[in-house]
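Following: one structure in structure tokens, then a few remarks.
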Protein chains: 2
Amino acid sequence: MSVGIRHDDLRRRNRAMVISAVRRAGQPSRTEIAATTGLSHSTISAISSDLIQEGILTESKPSEAASLKRGRPQVGLGLNPEATAVMTVVLSLNFLSVAVIDYAGQVIAEEQRRLDTLTMPRDELIGECTAIVRRRFEDPDLDVRSVARIAMGIQGITDTHARAMLWSPITPLTDIPFADILEAEFGIPATMENDCNMMAVALQWRDPERYRDDFIAILLSHGIGMGLVLKGELFTGTHSSGGEFGHMIHRPGGALCRCGRRGCVEAYAGNYAIWRNARMMSEDAEPTDVGDADMRALAARARESDGPEREAYRKAGEALGFGLGSLFALIDPAPVAMVGVSAAAFDLIEPALREAIAQTAGGQHSKSISFDTEPNELPLIREGCAMRALGFVDQEIFAPGVQQRTGSAGKNVA
Amino acid sequence: MSVGIRHDDLRRRNRAMVISAVRRAGQPSRTEIAATTGLSHSTISAISSDLIQEGILTESKPSEAASLKRGRPQVGLGLNPEATAVMTVVLSLNFLSVAVIDYAGQVIAEEQRRLDTLTMPRDELIGECTAIVRRRFEDPDLDVRSVARIAMGIQGITDTHARAMLWSPITPLTDIPFADILEAEFGIPATMENDCNMMAVALQWRDPERYRDDFIAILLSHGIGMGLVLKGELFTGTHSSGGEFGHMIHRPGGALCRCGRRGCVEAYAGNYAIWRNARMMSEDAEPTDVGDADMRALAARARESDGPEREAYRKAGEALGFGLGSLFALIDPAPVAMVGVSAAAFDLIEPALREAIAQTAGGQHSKSISFDTEPNELPLIREGCAMRALGFVDQEIFAPGVQQRTGSAGKNVA
DNA sequence: CTCTATTTTTTCGAGCCTCGAAAAAATACT
DNA sequence: AGTATTTTTTCGAGGCTCGAAAAAATAGAG
């Protein structure tokens, strides 16, 4: 059950409010913050002078608008980049990357690495992840002692509490508690996030106009994933990261999916499924890895002539359309961002997708549903992880004490 | 954006907290409330003496457990039934009912009425609804001047803000702003709720053990509806009441649904669909109304022998199973309550349903998914409306002032 | 160059609210 | 009748936010 509000929670919540207002707005003045938060000027003044003294915020000289106005110029408040730093670790198919990001959100160091995730044994995979992090810590150029949090993103299913990878297409291994492993290894709070959820978080930061309260990010890649934001909050399952859009059932008993079941949306719209159909292979054929270059070539051929390649994209569009239609029956339509290599072929997918969606309950507003595309998912995932880690720092370290549910993490206060 | 917490919000929130603790717990002592809310004894003491003085709570003599313990006996706190009252209006196919419920949740008056909703013109339908409410107000036995809120429940789609019926299977009419109509007519805040959502709310109150944070209520009746609670909160769409489980797509281009589209879950599992299949009629046959008695007879025949009737229920189970599987892919499995006349035939539905679900992503935990049945939906809907209305009173009238999002409603403070 | 209008930010006292400790109240046990 | 025990109330302390007023910092006017 939710819990009563203590008197001291007040300050903490309002501190968090101010920090988040600054993170969102860039260089707001105290007056602007007072307006957006609804708190009085006195309160904002008190809180921000605390935060400045603690080295969390910094004053920056007046913005350009100052010269136009009459009275005392506004003083912009910004996040102090040196307040702390966070680290992101993104593990995807055959690829591992790490980045250090300062408190203001700028990347200050990074490293990328190819590895063979599909065949790697458990210890080695974990070892690679901890090693790449450790190398960052050992870099003498950086004062990495100030890293306050690690957010790891992975393609696959994670648990609701953001502690472990439960299942992933990039490895046959399951149930790896990466968050706990990193915490034990480095003594820093860590979380394990789902890649598509992080894409959604990143979109919310990149384009808050379009991706605000309700939207959908769909990853069109080898597999089909989804990140969903509803009422401004990231949607997760009751036990797992949830939102396994790719494994909604498109045709009961239909094409063979990578997950071993039949008829999933992914079994028609994943890279391997498009490839399979374009080559006129059986729907029962084992899913195979298809490179991004091959997919781009496939899309080019589909654009050239109306052959089996175009038909394969049509089928993908149909599966995505009926899947989205079912989803929209549940949550109502919302803006969609298509991310990943096949998003670059969305022109081939869209007609069949819209036709399918129009045949569903969500299709009433079919025409008003807008799609946007972004071919490159990795930067989005990293950005999402960074924002997530910074968000935790904002709330749990710089405005500590408010009741948390997560149980672990969040002990080292400045 | 969310807004800073003012100083006076504190008291109001904690008042709401205490009221809700009392509503939930029955007759808790001050000490118990302090424990569940986490607030100090002094605070609870202050707040509850306020609430008693305002006539919202009453002290009741010690419970039976008092004789066992040593010290000063606990004094139970209860909701004062006379504090206020709410009214529920439930409109379903050919049936309209109203009830007056006191602040403690007891029904103190009711009226039910048959009418032909399918053919009624707009004015007449609205007129019947306002008339049945007015008759309650005119009843001299009741001090109905104290009615603080009306909650209307309807089979069909409502908007997110609980103001209007957007679409309903019980009438060809659309977009009737019942909440506004009732507010204008009687000057009392009103809301327009979706029937299945209210079923879910009622289940949460009836059996909080089983139906707590995450569960699904599915209405198996003429149509198929769903009420969904996730993380303790009623799930709604971004624009409408949402959760139109019955119109997820089971088979693209498949059987004709009452909604005019094809292949919806409902087109296989709604009463009319089961009837159609049992009679071996075409899947394109116009949906017809089937009475509850006919459905019960159909179920009996299906249990007797393995004929087309049993096959019809099998198909229904398959559609529901694949639909649930897709839903579980999104939200993970959760306990399910099957409500409505076909819930009484769940024995005929369950085998195919479980078989289908096992073929989906949600089916990993297929065996652990538990189903419960409740053949009678109307009492549930009424209970849900009552609890919802009382919840609004608790929060908006007896603990007023906390920022609201809904824009309208909630102006008459005690 | 000085003065005034204007806008932002800080200061200060007032009013609430919650908390902890201690007191008061109400009962069972001895 | 006295003591132990548990619940509830009382009371002063400490914090927080708010509004009003003061202080600070600038542009424009004369």
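Proteins come first, then strands; the chains are lettered A, B, ... in the order of their sequence lines, and each starts at number 1.
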query = Does a donor on one side chain and an acceptor on the other come within less than 3.5 Å for A/Ser40 and A/Thr43?
reply = yes
ask   = Got a donor-acceptor contact below 3.5 angstrom from the B/Asn197 side chain to the B/Gly227 backbone?
value = no
ask   = Quick one: is A/Asn14 getting a side-chain N or O under 4.0 Å of the D/dC16 phosphate, OP1 or OP2?
value = no
query = How close or far is atom C1' of C/dT9 from atom CG of A/Leu39, stated in whole angstroms?
reply = 16 Å
note = Taken to the nearest whole Å, NE2/B/His41 to C1'/D/dT9 is 12 Å
ask   = Does the side chain of B/Thr238 pick up a donor-acceptor pair with the side chain of A/Lys231 at under 3.5 Å?
value = no
task = Look at the side-chain N and O atoms of B/Arg30 and state whether any lies under 4.0 Å from the OP1 or OP2 oxygen of D/dT9.
result = yes
inquiry  = Reading DNA chain C from 5' onward, which residue's closest nucleotide shows up sooner: B/Ser42 or A/Ser49?
reply    = A/Ser49
ask   = Which whole-number value in Å describes the distance from A/Arg12 CZ to D/dG15 C1'?
value = 11 Å
inquiry  = Would you say the rings of A/Phe398 and A/Phe392 are close, in the sense that their centroids are separated by under 6.0 Å?
reply    = no
request  = Please work out if A/Thr31 contacts a base, only the sugar-phosphate, or nothing of the nucleic acid, heavy-atom cut-off 4.0 Å.
outcome  = sugar-phosphate
message = Starting the side chain at C-beta, find the nucleotide from D/dA4, D/dT17, C/dT6 nearest to A/Arg70.
response = C/dT6
B/His239 ring center within less than 6.0 Å of B/His161 ring center = no
query = Which part of the nucleic acid, if any, lies within reach of B/Asp8 when heavy atoms closer than 4.0 Å are counted: base, sugar-phosphate only, or nothing?
reply = nothing
key: Spacing between A/Arg15 atom CZ and D/dG15 atom C1', to the nearest angstrom   = 14 Å
ask   = Axis-to-axis angle across the helix from C/dC1-D/dG30 to C/dT30-D/dA1, five pairs an end, to 10 degrees?
value = 20°
message = Does a side-chain N or O of A/Arg72 approach OP1 or OP2 of C/dT6 to a distance below 4.0 Å, or not?
response = no
query = At what distance, to the nearest 0.5 angstrom, does OG of B/Ser241 lie from CG of B/Asp159?
reply = 8.0 Å
query = In whole Å, what is the span from the CZ atom of B/Arg11 to the P atom of D/dC16?
reply = 18 Å
task = Name the residue closer to the 5' end of DNA chain C, choosing between A/Ala46 and A/His7 according to the nucleotide with the nearest heavy atom.
result = A/Ala46
Straight-line distance of B/Leu39 CG to B/Ile33 CD1, nearest 0.5 Å = 10.0 Å
key: Any B/Ile44 side-chain heavy atom under 4.5 Å of B/Val18 side chain   = yes
ask   = Whole-Å distance between D/dG14 P and A/Leu10 CG?
value = 19 Å
request  = Rounded off to whole Å, could you give me the CD-to-P distance for the A/Gln53 and C/dT10 pair?
outcome  = 12 Å
query = Closest to the B/Pro73 side chain: C/dA26, C/dT18, D/dT8?
reply = C/dA26
request  = Give a yes/no answer on whether the side chain of A/Ser29 brings an N or O atom under 4.0 Å of OP1 or OP2 in C/dT8.
outcome  = no
message = From CG of A/Leu77 over to C1' of C/dT9, roughly how many Å is that when rounded to an integer?
response = 11 Å
